[in-house]
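All chains are named by letter (A, B, ...) in the order of the sequence lines, taking the proteins before the strands, and each is independently numbered beginning at 1. These numbers were taken from a predicted model, which means no experiment stands behind them. As a basis for the values below, the full set of heavy atoms in this structure was taken, side chains included, without hydrogen atoms, waters or symmetry mates.
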Protein chains: 2
Amino acid sequence: MTNGKRQQKKEITRRAIVSAAVDLFSRNGYEKTSIEDLAKAAGIGKSTVYTYFKAKEEIFLAFCDEEFEYSFTALRDRVDAEAPLIEQLHALFMSQYEFVTSNREFGRILIRETLFPETVTSLAKESNQRYLDALGEILTHAKARGEIRPELDNFFLSAHFFMLYLGALSGFYTGYVTTTEDVGSGLRTLLNQALQGIAL
Amino acid sequence: MTNGKRQQKKEITRRAIVSAAVDLFSRNGYEKTSIEDLAKAAGIGKSTVYTYFKAKEEIFLAFCDEEFEYSFTALRDRVDAEAPLIEQLHALFMSQYEFVTSNREFGRILIRETLFPETVTSLAKESNQRYLDALGEILTHAKARGEIRPELDNFFLSAHFFMLYLGALSGFYTGYVTTTEDVGSGLRTLLNQALQGIAL
DNA sequence: CGATAAAGTCGAATCCGGTCGACTTTATCG
DNA sequence: CGATAAAGTCGACCGGATTCGACTTTATCG
C-alpha cells in the first residue's frame, strides 16, 4: 500500500467533487454553484478542490464527461450505418443538439470552453477529438460506399460538418431560430450545401 | 430642453466609458482592466458604469463596435470584387482573422459573446448580422457572375462560409493550428470543400 | 415656485473564484 | 522507529465584478 492508498483516496475525493458537481450544477446551475458549495458537498475544504481541478471550468468539463459521456458514440452506434450520409449526420447532430440544449446553460458553456478555451489545454482538445474521431468513422464508411470524394481528408471533413452543426447551434443561442424543427431544417440546408457543393 | 439635456449628457458619459474602454482595453487588455479603472478614466463612479452597461461584457461589445466597425466593411471594399469567390472569401476572412487575433483575448471573448451569448440580446445578433450582410453582397455578386448556384439562399450561404471561418479560428484557439499560414491553408481547404462539394 | 416623483450617482458591502502559506498526513529510508 | 521530505488540506486573504441603499440632481405639474 506504499503509494496506492494515497492514489485511491485521491480518486475517491475527485469523484466526490464531480458527483457534487453533477448534483449541484443540475439543481442550481453552473453560475449559481460556488466552489465552496461544491467543497462543502464533497466534504472537503474550499481550496482543496484546487488540488484536483485547476479551475471551475475544469470541473465543468468533468461534469460534462460524466453526463454526456456516452452520448455521442452511443448515438453514433444507433444511427443506421447504411443510411445516406446526410441522414446519418443529420440524425447524429440533431440528437446531440437536443442533448446539449437540454439545459441551455450547459450547452453554451460547453461550447465556449471546448471551442474557445481561455488557455490551450489538452482537455478541451481531447473533448473535441472524440467528436471528430466519431465523425471520422462515419466518413470512412461513406467513402467506402463511394458516397463521398475519397481524396478529401477526414479531419477537414469532420471539422467541416461539425462547424455546420455548430452554426445551427449558434443560431439557437443567438435567437435566429427558436424551434427544434427550424434548427433541424437549417442544419439540413447547410449539410446539403456542403455535400452538393456551392459552386455551379 | 425638457428631457433632451439629460439624454445628451447620458450620451456623453456613455461615450466617455467606451472611449476609456478603447484606450484601456487596447493598452492593458480586457481582463486586466477593471470596471473601476474604466470609471476613473471616464470620470465617474464605479457603479455608475452599470447605469450604462449591464455588465463588463457589454462594454466589450461596444468596444468591438468602435474598434472593428470599419474593419470588415473596409476590408470587403478592398478585396478585388472580380477575383474568384474563394480568393475573395479567403482574403476577407484572413484579414478578419489577423485583426481579431491581434490580441488573442479579444477574438475569444468576441466569439463567445456574439455566437454563444448568455442571454438572447439584440446586441450579439446585430453584430453578427453585419457580417452576414457583408458576405451576402459578395455572394450576390458571385451569383451574378455565375460562379455559384443561384438557387441557394444567401443567408445560409453566408452562414456556411462564416462557420468555416470560425472553424479555422477555433482551430487556432484550441491549439490545433498555431501559425497563421496553417490557419490560412486550413481555411482554404474548408472553403474548397464547400464550393466543390463533398459528395462524389 | 415648491412639492414630489423619477432618474442618476456613488462608495460601501457582497459574493465568488482563485492564491497563499501555515499546518497535517503520508511515504521514504537510514 | 524517527527524521525528513513530499503530498495534501485548509481557512484566511485578495482582487474584481456586481448589487445595495442612501443621497443628489433633474423633470413634471399644480
Quick one: does any side-chain atom of E113(A) pair with a main-chain N or O of E57(A) as donor and acceptor, under 3.5 Å?
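Flag not set: sc E113(A) to bb E57(A) has no pair under 3.5 Å.
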For F172(B), is the NZ or CZ atom of R104(B) found under 6.0 angstrom from the centre of its six-membered ring and inside 45 degrees of the ring axis?
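Yes; both conditions hold, so R104(B) lies above the ring face of F172(B).
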Measure the distance from [atom1] on [X] to [atom2] on [N] and round it to the nearest whole Å.
| X | N | atom1 | atom2 | result |
| --- | --- | --- | --- | --- |
| F53(A) | dT19(C) | CZ | P | 15 Å |
| E57(B) | dT18(D) | CD | P | 7 Å |
| K32(B) | dG15(D) | NZ | P | 15 Å |
| I12(A) | dT9(D) | CD1 | C1' | 16 Å |
| E36(A) | dC13(D) | CD | P | 14 Å |
| I44(A) | dG8(D) | CD1 | P | 13 Å |
| Y30(A) | dG17(C) | OH | C1' | 10 Å |
| Y50(B) | dG16(D) | OH | P | 12 Å |

Between E66(B) and R14(B), is there a side-chain N and carboxylate O pair less than 4.0 Å apart?
no
F106(B) ring center near F25(B) ring center (under 6.0 Å):
no
Please confirm whether Y176(B) and F155(A) have ring centers closer than 6.0 angstrom.
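Yes: the rings meet the under 6.0 Å criterion.
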Quick one: label [X] by what it contacts on the DNA or RNA (base, sugar-phosphate, nothing), any heavy atom closer than 4.0 Å.
| X | answer |
| --- | --- |
| A39(A) | nothing |
| T33(B) | sugar-phosphate |
| T48(A) | base |

Has Y52(B) got a side-chain N or O lying under 4.0 Å from the OP1 or OP2 atom of dT9(C)?
yes
State the pairing partner of [N]; accept Watson-Crick or G-U wobble contacts with both distances under 3.5 Å, and report none otherwise.
| N | answer |
| --- | --- |
| dG30(D) | dC1(C) |
| dT25(D) | dA6(C) |
| dC13(D) | dG18(C) |

Out of dA17(D), dG8(D), dG8(C), minimum distance to the side chain of T51(A) belongs to dG8(D)
For the side chain of K46(A) and the base of dG17(C), is some donor closer than 3.5 Å to an acceptor across the two?
yes
